[in-house]
Colleague: 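Below are the structure tokens for one structure; questions will follow.
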Amino acid sequence: MLSADSAAIVRATLPVVGASLDAITARFYETMFAERPELLDGLFNRGNQANGEQRRALAGSIAAFATRLLDHPDERPDELLARIVHKHTAVGVTDDQYVIVHKYLFGAIAHVLGDAVTPEVAAAWDEVYWLMAGALIAQEARIYAEAGARNGATWRQWRVADRKEETPDAVSFLLHPADDGPAPPARPGQYVSVRVRMPDGVHQLRQYTLSSAGDRSRRITVKRVDGDPAGEVSTLLHATVRAGDELTLSAPFGDVTLEDGDAPLVLVSAGIGCTPIAAMLDHLAATGARRRVLLLHADRSPAEHALREDMLRLAAERVFWYESGAATPDRDGLMDLEGVEIPVDAIAYLCGPVPFMRRVRGQLLKAGVAARDIHYEVFGPDLWLATG
């Protein structure tokens with residue numbers, strides 16, 4: 001898919017471009033938001049801009065895509081972009097925004113690299129960009145069509161039927177469509193975007209994995225996040241939303257979903273990463289699944305373990321680790337799979353902080369779980385890819 005001339009130039013310039021990607025993406029976001037501040041109102045999460053996560057995720061995805069093109073020049077690595085596609089559709093990215101991104105991204109490349117960006121170099125990287133953008137646009141169009149929407153029009157009003165305090169810092173909201181119509185199908189593990197107006201008048205989005213989903217309901221579980229700009233939406237929801245209020249939600253998206261089958265399951269989570277795991281357990285119980293399920297969860301303490309009651313009720317085979325307050329049969333400290341019997345031919349689903357998932361993934365591999373059978377979900381930009 002990448003022309004031979006462009007491939008040679010990209011291969012020669014990838015080291016310097018890769019080394020400069022952090023500076024390039026920083027310049028890109030700075031100039032784009034300075035000239036197009038409306039993009040921060042209801043599209044880009046300003047918390048992820050403040051902490052640098054979005055910048056690092058973008059840099060990682062560009063480098064990975066370009067490297068894959070060089071390794072397989074006759075292919076377009078669409079599968080590499082699946083997670084990005086679902087994140088984009090969850091916030092309503094539209095086709096025309098790729099033209100805007102192109103303008104500011106290539107302006108940033110020229111600014112950072114200066115005279116090194118010859119017309120030939122610019123043309124080669126332009127080809128990489130539009131291969132990547134074309135793949136994203138095509139996949140996003142398909143997902144929008146599956147959701148019964150076009151170009152980002154997936155938003156809908158939902159009424160809060162109930163608010164449940166799970167822990168001092170986490171609350172669950174049970175939601176029903178405000179128009180009393182049917183809810184679109186949701187697969188266990190998918191998430192929705194919640195769009196809220198902040199006190200300063202700017203709309204912000206945040207994705208929340210559905211902790212359960214029925215034919216006419218949704219449940220999201222939100223943890224208050226103090227002192228982190230990326231947590232402003234969660235903190236606002238936690239502090240202000242009550243039964244009877246309405247929230248604006250997207251259709252459900254996400255590619256890390258529980259697949260039907262008979263293989264044993266290992267469901268692994270830490271902290272608020274329990275939400276997709278709870279949804280999977282709920283789905284297995286509702287459908288009468290008979291497959292073996294091993295639930296593994298780590299948290300600070302039993303009192304801070306959101307959805308603990310659900311997990312106790314839905315998982316017969318489970319091991320919980322707590323940093324404090326553990327009682328028999330729970331375990332003390334961080335999750336350690338030493339001595340835990342991992343089912344043969346198991347499929348594993350992980351959700352939690354990236355360092356936690358990297359460590360547990362390594363332990364699962366040592367226990368004999370195949371790499372292809374270990375799936376993970378990341379809250380926010382996917383820094384697993386961005387950090388190698």
Side-chain angles (χ1 to χ4, degrees), residues 1 42-45 57 61 65 75-99 101 130-158 175-195 205-220 247-261 275-280 282-284 286-287 289 347 349 351 372 375-382 385:
M1 296 294 293
L43 183 62
F44 286 92
N45 182 290
S61 64
F65 189 84
E75 303 173 9
R76 190 178 70 178
D78 288 11
E79 77 286 350
L80 188 68
L81 305 176
R83 194 179 302 268
I84 300 172
V85 165
H86 281 270
K87 296 290 186 181
H88 281 185
T89 50
V91 302
V93 167
T94 57
D95 296 356
D96 59 300
Q97 289 162 350
Y98 285 96
V99 178
V101 167
W130 284 113
L131 282 171
M132 186 172 179
L136 290 168
I137 291 170
Q139 292 186 58
E140 287 158 19
R142 187 185 70 251
I143 293 176
Y144 282 136
E146 292 172 354
R150 291 187 61 187
N151 217 20
T154 72
W155 301 103
R156 188 175 179 184
Q157 293 299 111
W158 291 71
L175 307 162
H176 296 294
D179 59 9
D180 294 323
R187 297 191 297 275
Q190 288 192 306
Y191 52 81
V192 295
S193 287
V194 177
R195 185 176 187 266
L205 307 177
R206 192 68 175 175
Q207 284 76 52
Y208 297 99
T209 302
L210 299 170
S211 53
S212 73
D215 292 339
R216 301 184 63 83
S217 68
R218 296 278 187 270
R219 184 182 68 175
I220 58 173
L247 293 175
T248 304
L249 269 64
S250 73
F253 298 101
D255 63 324
V256 183
T257 59
L258 180 64
E259 298 296 334
D260 293 330
T275 52
I277 303 305
M280 293 177 185
D282 188 60
H283 172 79
L284 291 166
T287 57
I347 298 174
Y349 291 87
C351 189
R372 66 177 180 277
H375 311 281
Y376 71 93
E377 182 58 280
V378 175
F379 294 151
D382 188 352
L385 178 63

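Note that the coordinates shown come from a computational prediction; the quantities given were computed from them, not determined experimentally.
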Colleague: Under the criterion side-chain contact (heavy atoms from CB on, under 4.5 Å), I'd like the reasoning laid out for I347 against E259: C-alpha separation, chi angles, the key distance, then a yes or no.
Modeller: CA-CA 10 Å; I347 298 174; E259 298 296 334; over 6 Å; no
Colleague: Looking at G254 and H86, what are the two nearest heavy atoms and their distance?
Modeller: N-ND1, 2.8 Å
Colleague: Whether the side chain of H375 engages the backbone of T257 through a donor-acceptor N/O pair (distance < 3.5 Å, no angle test) should be reported.
Modeller: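 It does not hold such a pair.
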Colleague: Looking at every non-hydrogen atom in both residues, tell me the closest pair between V192 and P252 and how far apart they are.
Modeller: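 The answer is CG1-CA, 3.9 Å.
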Colleague: Check whether any side-chain heavy atom of Y208 sits under 4.5 Å from a side-chain heavy atom of T275, and report yes or no.
Modeller: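 Result no, sub-4.5 Å side-chain heavy-atom pair not found.
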Colleague: Closest approach of W158 and P184, non-hydrogen atoms and distance?
Modeller: CZ2-CD, 4.3 Å
Colleague: In Å, rounded to the nearest 0.5 Å, how long is the span from CZ of R187 to CG of D255?
Modeller: 9.0 Å
Colleague: Kindly say whether T154 contributes a backbone atom to a donor-acceptor pair with the side chain of S250 at under 3.5 angstrom?
Modeller: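 No: the side chain of S250 does not pair with the backbone of T154.
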Colleague: More than 12 heavy atoms of other residues, nucleotides or ligands under 6.0 Å from CZ of R142: yes or no?
Modeller: yes
Colleague: Do side-chain atoms of R195 reach the backbone of V91 as a donor and acceptor pair under 3.5 angstrom?
Modeller: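 Flag not set: sc R195 to bb V91 has no pair under 3.5 Å.
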Colleague: Rounded to the nearest 0.5 Å, what separation is found between the CG atom of L136 and the CZ atom of F65?
Modeller: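 Between atom CG of L136 and atom CZ of F65 there are 7.5 Å.
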Colleague: For residues E377 and R83, report the shortest heavy-atom separation together with the two atoms involved.
Modeller: OE1-NH1, 3.4 Å
Colleague: Mind checking whether T287 and D260 have side chains closer than 4.5 Å, heavy atoms only?
Modeller: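 No, their side chains stay 4.5 Å or more apart.
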Colleague: Find out whether Y376 and V256 are in side-chain contact, i.e. whether some heavy atom of one side chain is under 4.5 Å from a heavy atom of the other.
Modeller: no
Colleague: Applying side-chain contact (heavy atoms from CB on, under 4.5 Å), run through T248 and Q157 and close with a yes or a no.
Modeller: CA-CA 5 Å; T248 304; Q157 293 299 111; 2.5 Å; yes
Colleague: Hey, does L210 have a side-chain heavy atom less than 4.5 Å from the side chain of I220?
Modeller: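 Contact flag for I220/L210 side chains = yes.
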Colleague: Can you give me the closest heavy-atom contact between T209 and G189, atom names plus distance?
Modeller: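 In terms of heavy atoms, the two residues are closest at CG2-O, 3.9 Å.
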Colleague: Taking everything shown except D215 itself, do over 12 heavy atoms lie less than 6.0 Å from its CG?
Modeller: no
Colleague: Can a donor-acceptor pair be found, under 3.5 Å and without considering hydrogens, that links the side chain of R218 to the backbone of L175?
Modeller: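 Answer holds: no.
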Colleague: More than 12 foreign heavy atoms under 6.0 Å from CZ of R156: is that the case here?
Modeller: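 Atom CZ in R156 is packed in, count exceeds 12.
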Colleague: Determine the minimum heavy-atom distance between Y98 and E140, stating which atoms define it.
Modeller: OH-OE2, 2.7 Å
Colleague: Answer yes or no: is there a side-chain heavy-atom contact under 4.5 Å between R219 and D282?
Modeller: no
Colleague: Donor-acceptor pair, Y191 side chain versus R206 backbone, under 3.5 Å?
Modeller: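 Pair absent, no side-chain N/O of Y191 close to backbone of R206.
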Colleague: Within this structure, what is the CD1-OH distance for the pair I277 and Y349, rounded to the nearest 0.5 Å?
Modeller: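 Nearest 0.5 Å value for the CD1-OH distance: 9.5 Å.
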Colleague: How long is the span from the CE atom in M132 to the CD1 atom in I137, to the nearest 0.5 Å?
Modeller: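 Reported value, rounded in 0.5 Å steps: 11.5 Å.
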Colleague: With side-chain contact (heavy atoms from CB on, under 4.5 Å) as the criterion, how do E146 and F253 come out once you've worked through the C-alpha distance, each side chain's angles and the decisive distance to 0.1 Å?
Modeller: CA-CA 10 Å; E146 292 172 354; F253 298 101; over 6 Å; no
